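The structure appears below as structure tokens.
Please read all numbers here as calculations on a predicted model, not as lab measurements. In what follows, every chain begins at residue 1, and chains take the letters A, B, ... in the order their sequences are listed.
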Amino acid sequence: MTDYWIDVDACQTIVNDLYGQLADLRSDVDRVPEHLEDLRSSLNGPAENNEVERVSGQLDGALTDRIGTKLLDHVDDMIAKVEHRINSMQEVINYYLSGDAEMAHRSQNKQDEMPQIFTETEYTPGHPATGYVDSPADPAFEGGYDETEPLTEGTAVPNPYEFASDHHWGSAPDGK
Amino acid sequence: MGKHESTTFHVVLPSYHQREGAWNMLAPWTPINPGAQRGVGPAQDIASDLGATRERFETLFDTWRRFEDCYQAVDAEIVHSAMNDLVGPAIALTDVGAVVQTAHETYAEQVDNGALESDKVVNDTWASGFEDRYQAFLNDKSALSTKEFEEKYGKDENTVANDLHLERIPYADRAFGVTNTVGEAREVYLAAIQGIDLAEMSALEFSHRPEALTQYGSEEELLQALKDSHMFGHLDAQDLERIAEQAWELYGGLPSDFTDPNGVDWVVGPDGEMVRSGSPMDPNVNALILALLADDEELQNTELPFPEGVQTIAEFAVGQGLGKIGDLTDLTIGKSVIAGWAAAIVSLVGTGFDIRRYESELSSSAPMLSEEDYQSLVSKYSGQNLIVDGVNIGLSAGTVVLTTVFGPGGTVVGFLITEVGTGVTEFVVTEVGKETWTIDEMEDAYNEETGEFVVD
């Protein structure tokens, strides 16, 4: 009997929540360019001599570079990583849910690494499935196990998340 | 135009006359205020945009951590910790916001504090009269004979020219000072912005001071820590036993910000460095204890000794932003209350270099520190204080301008040090007294068998 288990419904709920939060990540940072413009325009005061003029130009350039470019790139990079990881997790769920995982593990005689898959659980959609399961031995799981039929042939992937992240099964939207 | 004026006046102080039309190029022009206050709002907006963005990321990271409850495949650990590397970059967002906001506010204080306006009023009032007298002098010098000139002025041309020259020097200096002040303030501002290094700011630092690594292994240890605490040690032992019992029930479920590859939980500590979850420096531990104390009818009116005076526990709790003590009756709601309160407490810490304030706010933020650890931390910052005092001594001699740049929650991100003589400004990220590991060093220091860290 495997020591591993996955509650795919609860995982899917999390992924759905993550996609919702991903969509909102930009809501505040998107105002930075406008506020940066206001800030820079406040610094366009009289320079009065060449030295101050030079410093003011450098300051404007530094603000544009550090905030207008590098900081926004930093956030873009973070968001891209977050999105990629959520997509990868969606692929992992699909891998287990489709039966590909089970079939692959069986064909390679790696059943001990195949997690038990739970698809009917007590959680209410939209709520985190926390707290009601501790382990596969938990009585809450009895009767909740739904052995999904294997659908396709495949290879058992030792680290499905990393595999999805590196290669993709192609089942998630906008995967990178 | 007379034959003397070009050498006597216009060459001596050429920089005053760059703006054509300014006082007909006769009197020094005092620049108008650059209006830095207009930028304060936008700078604060940027800080607030970035703070809110960090919160959005952290909410998402918390959501991701829910996979711990439903994903236990072979690669569970990889999945659970998949967002770890973004914790530091998210913290960096607030650091950047703090630098922009502080840099602009510092600039605005320097140039928009009323002094430059009053300098301009003084200079402009004088300049209009001076311009008239100077123009009259130039006219008379051309129109009058030497004798007529001396009869009218009571002295010769050169003496009048020299007098006018001497008269304008202090005003010229004042005008030049205004320009200089603006220029220097912008130099400091520039250094702060150029000091924004996202890679550096994104790197997590893990405190390895003992009080940031210690955990309580049992209710008895927690009780002992309460008895040893520099703040609560004097409270009645039986009362403390009751608090320890309640606290121990919640101790294992404290929220954390980061789980390292060894499975150790960390939280952002009061100095902006990561501290081990459950340690005396964990804001959640301190908030938990204080919440329990403030909610305890026997103890809530007990007085606590603060460096700046005595407060009851209840007063202290309210002062920390815990407006509704009653809300804490149900501590099982745990995370939100405690985290919210912890945030309020943490925001009070990191006080720059007013050591009395630091003592007070350290007490407030980490009352569970033992007397020994508390004194050790205070002396760490006292050491920093001396260094800064050293710089301040320089400041009083007019050689160095020091600006402290505060980060999120008032933590000190660094200093701007301007050498007045050279005008060179450096942005120095605070390093003094730092006792931290990088993430790699932290992992290397972990002993898997004991679950503890080995500090050299």
Side-chain angles (χ1 to χ4, degrees), chain A residues 4-8 10-11 14 17-18 21-22 24-29 31-32 35-39 41-43 45-52 55-56 58-59 62-63 66-67 70-71 74-75 77-78 81-82 85 89 92 96 113 115 128-131 133 135 158-162 165, chain B residues 15 18-19 29 31-43 45-46 48-53 56-57 59-60 63-64 66-76 78-79 82-83 85-86 89-90 92-93 96 100 104 107 178-180 182-183 186-187 189-190 193-194 196 198 202:
Chain A
Y4 304 109
W5 57 274
I6 300 171
D7 179 339
V8 281
C11 287
I14 294 172
D17 288 354
L18 288 168
Q21 289 165 356
L22 171 69
D24 290 338
L25 278 179
R26 288 196 181 280
S27 304
D28 299 293
V29 76
R31 290 196 295 271
V32 167
H35 292 144
L36 180 63
E37 281 305 305
D38 293 344
L39 180 64
S41 87
S42 83
L43 289 163
E48 303 303 340
N49 74 24
N50 292 337
E51 178 60 14
V52 177
V55 173
S56 298
Q58 284 183 336
L59 175 57
L63 281 167
R66 296 300 198 279
I67 310 302
K70 291 200 171 82
L71 174 80
H74 173 86
V75 174
D77 179 60
M78 289 177 72
K81 283 178 174 158
V82 165
R85 290 165 194 186
M89 207 53 205
V92 170
Y96 284 115
E113 289 185 9
T130 53
V133 292
S135 73
N159 292 316
Y161 173 77
E162 282 190 333
S165 188
Chain B
S15 64
Q18 289 186 352
R19 291 291 156 117
W29 165 254
I32 58 172
N33 189 283
Q37 289 299 336
R38 281 191 299 123
V40 170
D45 287 341
I46 290 171
S48 140
D49 295 339
L50 295 177
T53 304
R56 288 184 184 279
F57 275 105
T59 301
L60 188 143
T63 302
W64 186 278
R66 283 166 33 204
F67 284 126
E68 291 170 15
D69 299 316
C70 60
Y71 188 89
Q72 293 295 340
V74 186
D75 60 346
I78 294 168
V79 168
M83 292 293 176
D85 64 326
L86 295 179
L93 297 178
V96 170
V100 172
H104 192 91
Y107 163 73
V178 169
T179 302
N180 259 3
V182 174
R186 287 186 183 179
E187 284 275 11
Y189 196 158
L190 172 64
I193 300 304
Q194 286 178 333
I196 293 174
L198 280 158
S202 295

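Scored by the side-chain hydrogen bond (donor to acceptor under 3.5 Å, both in side chains) test, B/Arg56 finds A/Asp28 as partners (sequence neighbours excluded). When the side-chain hydrogen bond (donor to acceptor under 3.5 Å, both in side chains) test is applied to B/Thr63, the partners found at least two apart in sequence or on another chain are A/Gln21.
Looking at A/Ser165, its side chain never comes within 3.5 Å of a backbone N or O of A/Tyr161 through a donor-acceptor pair. When atom types are taken as modelled, the side chain of A/Arg66 and the backbone of B/Gln194 share a donor-acceptor pair closer than 3.5 angstrom.
Only the side chain of B/Val96 comes within less than 4.5 Å of a heavy atom of chain A; its backbone N, CA, C and O stay farther away. Proximity to chain A is limited to the side chain of B/Val100, based on heavy atoms less than 4.5 angstrom apart. At a 4.5 Å heavy-atom cutoff, the contact between A/Ile67 and chain B is made by side-chain atoms alone. Only the side chain of B/Ser202 comes within less than 4.5 Å of a heavy atom in chain A; its backbone stays farther off. For chain B, no part of A/Val8 is nearby; none of its heavy atoms comes within less than 4.5 Å. Both the backbone and the side chain of B/Ala90 come within contact range of chain A, judged by heavy atoms closer than 4.5 Å.
Put simply, of B/Asp45, B/Leu190, B/Asp49, the one with the most heavy-atom pairs under 4.5 Å next to chain A is B/Asp49. When the candidates B/Ala92, B/Ser48, B/Gly51, B/Ala82 are compared by the number of heavy-atom contacts under 4.5 Å with chain A, B/Ala82 comes out ahead. For the set A/Leu71, A/Asp38, A/Leu36, A/Leu22, the count of heavy-atom pairs under 4.5 angstrom toward chain B peaks at A/Leu71. Per-residue heavy-atom pair counts under 4.5 Å with chain B were compared for A/Glu37, A/Gln58, A/Arg85, A/Lys81, and the maximum is reached by A/Arg85. Residue with the most contacts toward chain B among A/Leu18, A/Val75, A/Leu63: A/Leu18 (heavy-atom pairs, distance under 4.5 Å).
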Practice problem: Could you go through the side-chain contact (heavy atoms from CB on, under 4.5 Å) check for B/Asp75 and A/Glu162 one step at a time? | Solution: CA-CA 8 Å; B/Asp75 60 346; A/Glu162 282 190 333; 6.0 Å; no

Self-check item: Working for side-chain contact (heavy atoms from CB on, under 4.5 Å), residues A/Asp17 and B/Arg66
Solution: CA-CA 11 Å; A/Asp17 288 354; B/Arg66 283 166 33 204; 3.0 Å; yes

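Two residues are said to be in side-chain contact when any heavy atoms from C-beta on lie closer than 4.5 Å; B/Tyr189 and A/Val55 fail this criterion. Under the 4.5 Å side-chain criterion, counting only non-hydrogen atoms from C-beta, B/Tyr71 is not in contact with A/Ile14.
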